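Data first, discussion second: the structure below is written as structure tokens.
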Amino acid sequence: MKKETAIKIVLFAFFTVVCLLILIPFYAVTIASFKPGEDLIRYGLNLKFDLSVMNFDNFVYLFTGDHAYFTWFFNSVLLTLVQVTLTLLVSATVAYGFSAYEFRGKNFLFICVLLIMMVPFEILLLPLYTLTNNMGLMNSYSAIILPGIAGAATIFFFRQYLSGIPKEIIAAGRVDGASEYGIYLRLILPIMKPSFAAMAILNGMNSWNNFLWPFMVLSSEHKYTLPIGLKTLLTPYGNNYDLLIVGSFFSILPILALFLAFQKYFIDGMTAGAVKG
């Protein structure tokens, strides 16, 4: 018992330290959003809590100033919602095919999915850019959505999750006369809710924070996503730190709210996907 107690204490202390290390950057951005931009220029991003310089001017400027922040914000919201929805539906359908059916070349195709997971996206940038340009999709959201609509990592996760679902459920559906689409839509998808929640959070974070690929394909300012828009605030001719820091703080809130709302399902989904199959 003493050994188990000691292990629990050590683990608790370790994860407490990890949690504090993760929260420090968020704390720094939070208090910086209440400070004027020149304070950030002078002292950099720091942990000093100084009430003498802290105020709500940056937030007033965010909501009333002449800028395109909320255009970028709602562009990111729209793009994230569409991209995550399509990615989950397509990837879940592909994973269900790998899990529920036997067909020629199944193992080879699944190995291809695993290989794709090992390829860094930066290697694909040039051929993907050329293909996008040849298809006439430049400066459109389609160029951002389509390349990731069947995410290899998401397919792998869903396949592992579905491998733990008893095949008797599918057999029972066929005995009752349900079509293959009916089995998938009425029996399988409801069971996958925890895995959908987990992948929605992970894919949502990736889509929301995606910078490199949207930066390469988007050229119109009114189509910019939030990461690109915030980057435009830093120029050789002047930096708008007031909007940059409060905009960065505000951009964290949607993902934080999403995670807190689906935390239980996220943990259940990740655990099931890790141990089943």
Side-chain angles (χ1 to χ4, degrees), residues 9-81 84 197-198 200-215 218 221-222 224-267 270:
I9 293 174
V10 171
L11 289 176
F12 179 80
F14 171 75
F15 286 113
T16 300
V17 172
V18 171
C19 181
L20 291 175
L21 291 176
I22 293 174
L23 290 176
I24 285 174
F26 181 73
Y27 169 78
V29 172
T30 301
I31 62 173
S33 64
F34 292 94
K35 298 178 181 179
E38 55 265 23
D39 189 87
L40 185 63
I41 298 174
R42 184 179 302 174
Y43 303 109
L45 199 62
N46 58 75
L47 304 178
K48 185 178 180 181
F49 190 86
D50 188 358
L51 288 175
S52 64
V53 298
M54 297 175 68
N55 54 63
F56 291 93
D57 291 349
N58 292 341
F59 289 89
V60 173
Y61 178 51
L62 176 68
F63 288 99
T64 62
D66 183 17
H67 50 73
Y69 178 84
F70 284 103
T71 299
W72 307 330
F73 185 89
F74 289 115
N75 287 345
S76 287
V77 170
L78 175 63
L79 188 61
T80 298
L81 288 175
V84 169
I201 292 174
L202 293 179
N203 282 281
M205 290 176 59
N206 290 334
S207 178
W208 184 262
N209 296 320
N210 192 12
F211 171 77
L212 183 58
W213 179 241
F215 182 71
L218 296 178
E221 183 178 357
H222 68 277
Y224 281 173
T225 59
L226 193 53
I228 303 175
L230 291 175
K231 175 64 174 65
T232 63
L233 299 177
L234 301 175
T235 69
Y237 310 103
N239 301 320
N240 189 347
Y241 283 113
D242 294 328
L243 181 59
L244 175 65
I245 196 66
V246 72
S248 299
F249 168 77
F250 198 75
S251 70
I252 300 172
L253 300 183
I255 293 298
L256 183 62
L258 179 67
F259 178 79
L260 293 177
F262 294 99
Q263 181 180 10
K264 177 180 181 298
Y265 299 104
F266 176 79
I267 295 173
M270 293 299 293

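Values below: every heavy atom of this structure, side chains too, minus hydrogens, waters and symmetry copies. Since we're looking at a predicted model, the values are computed, not measured.
Remark: Val77 pairs with Phe73, Leu81, Trp208 by the side-chain contact (heavy atoms from CB on, under 4.5 Å) rule, at least two apart or across chains. Legend: residues meeting side-chain hydrogen bond (donor to acceptor under 3.5 Å, both in side chains) with Asn46, ordered by chain and number and at least two apart, are Lys35. Take Phe211 and apply the ring-ring contact (aromatic ring centres under 6.0 Å, His included) test, not counting sequence neighbours, and it matches Phe215. For Phe56, the ring-ring contact (aromatic ring centres under 6.0 Å, His included) partners two or more places apart in sequence, or in a different chain, are Phe34. In this structure, the side-chain contact (heavy atoms from CB on, under 4.5 Å) partners of Val18, at least two apart in sequence or on a different chain, are Phe14, Ile22. For Leu256, the side-chain contact (heavy atoms from CB on, under 4.5 Å) partners are Phe26, Leu260, not counting sequence neighbours. Take Asp50 and apply the side-chain contact (heavy atoms from CB on, under 4.5 Å) test, not counting sequence neighbours, and it matches Lys48, Ser52, Val53. Under the side-chain hydrogen bond (donor to acceptor under 3.5 Å, both in side chains) criterion, Asn203 pairs with Thr154, not counting sequence neighbours. Remark: Asn75 engages Tyr141 in a side-chain hydrogen bond (donor to acceptor under 3.5 Å, both in side chains) (not counting sequence neighbours). Qualifying ring-ring contact (aromatic ring centres under 6.0 Å, His included) partners for Phe12, counting only residues two or more places apart in sequence or in other chains: none. Tyr61 is linked by a side-chain hydrogen bond (donor to acceptor under 3.5 Å, both in side chains) to Asn240, counting only residues two or more places apart in sequence or in another chain.
Few gaps surround CE on Met54; more than 12 heavy atoms of other groups in view lie less than 6.0 Å from it.
Annotation: side-chain hydrogen bond (donor to acceptor under 3.5 Å, both in side chains) contacts involving residues 64-74, sequence neighbours excluded, are absent.
Contact check for Pro36 versus Asp57: no side-chain heavy atoms found under the 4.5 Å cut-off. In this structure the side chain of Thr30 never reaches within 4.5 angstrom of the side chain of Ile252, judged on heavy atoms.
Considering Leu234, Thr232, Asn58 as possible partners of Leu244, the one that fulfils the side chain to side chain contact (heavy atoms under 4.5 Å, CB included) test is Leu234.
At distances below 3.5 Å, at least one donor-acceptor pair connects side-chain atoms of Ser76 with backbone N or O atoms of Leu226.
Scanning all heavy atoms of the two residues, the minimum distance from Leu218 to Ile228 falls at CD1-CD1, 4.3 Å. Taking both residues in full, the closest heavy atoms of Asn210 and Thr225 are given as O-OG1, 4.3 Å, listed atom of the first, atom of the second, then distance.
With values rounded to the nearest 0.5 angstrom, Leu62 atom CG is found 11.0 Å from Asp242 atom CG.
Ring pair Phe59/Phe250: centre-to-centre distance not below 6.0 Å.
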